[in-house]
Amino acid sequence: MDNDRRHAAVVALVELGRSQNYRDRADAGHGLAGFAEMQEARGPLLELVLDAGDTFVTRVTAVAVLRRRDRIGLTIVASALAVANWNHGDWIHTAIRDVFSIFSEERDSAMQLCEEMLQDPDDHVALGARQLHEALAEIDPVLRPA
């Protein structure tokens, strides 16, 4: 990996995430999700999940980080859920259903990660992990292993 180029990409996407245009912010959230393992991307991703200007940005960014299907993405969404207002929370729950309603194995794996995150020393992560786990438990995935 070329860390300088990855850093430059994150810097550019963070700047795009500050745009007045909601489509630019949604594109930034979608793009930054691919760099969520980089510490400098996490704060801006959380801000975009909780975008004050448009919940379209919330949904697009939440879907993108959840599609990572890893602890980093789940942690960002859990942190957002812990502080989200009802409107943002509703769109985050829509994103959760969008990502985890097809394959039971993916939903079950996310639930297991959430159970581990319940012990996180960050209170926002632990609280959000509980909410995320509850949302995942309500999903009845379409496809199950044979």
Side-chain angles (χ1 to χ4, degrees), residues 1-18 25-146:
M1 279 190 248
D2 187 337
N3 286 333
D4 290 338
R5 289 184 183 167
R6 291 179 61 76
H7 178 74
V10 169
V11 168
L13 288 166
V14 167
E15 185 63 29
L16 185 63
R18 294 185 185 122
R25 295 193 311 275
D27 287 342
H30 185 267
L32 275 172
F35 298 95
E37 72 281 355
M38 296 176 66
Q39 190 63 40
E40 58 265 36
R42 293 182 191 169
L45 278 166
L46 180 59
E47 291 174 13
L48 290 166
V49 172
L50 298 170
D51 189 82
D54 199 299
T55 53
F56 176 74
V57 179
T58 296
R59 184 175 183 181
V60 168
T61 306
V63 165
V65 294
L66 288 169
R67 282 191 175 147
R68 292 177 57 92
R69 294 178 178 85
D70 64 5
R71 187 176 179 133
I72 294 168
L74 293 173
T75 298
I76 291 166
V77 170
S79 296
L81 274 173
V83 298
N85 63 32
W86 68 268
N87 193 28
H88 284 92
D90 190 46
W91 285 107
I92 294 168
H93 278 86
T94 298
I96 295 165
R97 285 188 300 275
D98 287 349
V99 173
F100 293 106
S101 64
I102 303 298
F103 298 103
S104 64
E105 290 173 339
E106 291 176 353
R107 193 263 337 244
D108 295 346
S109 177
M111 288 180 71
Q112 182 176 5
L113 286 170
C114 286
E115 289 171 8
E116 295 170 12
M117 292 163 48
L118 291 172
Q119 306 305 316
D120 198 286
D122 182 328
D123 292 340
H124 284 121
V125 173
L127 174 63
R130 179 172 283 99
Q131 294 175 21
L132 182 52
H133 188 275
E134 290 170 2
L136 290 165
E138 292 175 1
I139 296 172
D140 184 21
V142 175
L143 299 175
R144 301 180 184 287

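- No side-chain heavy atom of His30 sits less than 4.5 Å from a side-chain heavy atom of Asp27.
- Residues Phe100 and Arg107 approach most closely at O-CB, 3.7 Å, considering heavy atoms.
- By the 6.0 Å contact criterion, CZ on Phe56 is open, its count of non-hydrogen atoms from other residues, nucleotides or ligands being 12 or less.
- In this structure, the side chains of Gln112 and Asp108 stay at 4.5 Å or more apart for every pair of heavy atoms.
- The heavy-atom pair separating Gly89 from Ala84 by the smallest distance is N-CB, 3.8 Å.
- Here Ile92 contributes atom CD1 and Ile76 contributes atom CD1; the two are 11.5 Å apart, rounded to the nearest 0.5 Å.
- Between the side chains of Asn85 and His88, at least one donor N or O sits under 3.5 Å from an acceptor N or O.
- Residues Met38 and Asn3 form no side-chain contact, since every pair of their non-hydrogen atoms from C-beta on lies 4.5 Å or further apart.
- Considering only heavy atoms from C-beta on, Gln131 stays 4.5 Å or farther from His133 through its side chain.
- Arg71 approaches Glu116 most closely through the heavy-atom pair NH1-OE1, 3.6 Å.
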- For Leu48 and Asp51, what are the C-alpha separation, side-chain angles and deciding distance, and is it a side-chain contact (heavy atoms from CB on, under 4.5 Å)? CA-CA 5 Å; Leu48 290 166; Asp51 189 82; 4.2 Å; yes

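- The CD atom of Glu40 lies 9.5 Å from the CZ atom of Arg6; values are rounded to the nearest 0.5 Å.
- Across all their heavy atoms, Ala36 and Ile72 have their closest contact at O-CG2, 3.4 Å.
- Of all heavy-atom pairs spanning Ile102 and Pro141, the tightest one is O-CB, 3.7 Å.
- For the residue pair Thr94 and Arg97, a side-chain donor N or O sits within less than 3.5 Å of a side-chain acceptor on the partner.
- Here Glu105 contributes atom CD and Leu143 contributes atom CG; the two are 10.0 Å apart, rounded to the nearest 0.5 Å.
- Expressed to the nearest 0.5 Å, how far OG1 of Thr55 lies from CH2 of Trp91 amounts to 5.5 Å.
- Asp54 and Arg25 are not joined by a salt bridge, as no carboxylate oxygen comes within less than 4.0 angstrom of a charged side-chain nitrogen.
- At least one side-chain heavy atom of Leu66 sits less than 4.5 Å from a side-chain heavy atom of Leu74.
- Atom CG of Leu46 and atom OG1 of Thr75 lie 11.0 Å apart (nearest 0.5 Å).
- The shortest side-chain heavy-atom distance between His93 and Glu138 does not fall under the 4.5 Å cut-off.
- Rounded to the nearest 0.5 angstrom, Met111 CE and Ser109 OG are separated by 11.0 Å.
- Closest non-hydrogen pair, Gly128 versus Leu81, comes out as O-CD1, 4.1 Å.
- The main-chain N or O of Arg67 is found under 3.5 Å from a side-chain atom of Arg69 such that the two form a donor-acceptor pair.
- Residue-environment remark: CZ (Arg68) exceeds the threshold of 12 foreign heavy atoms within 6.0 Å.
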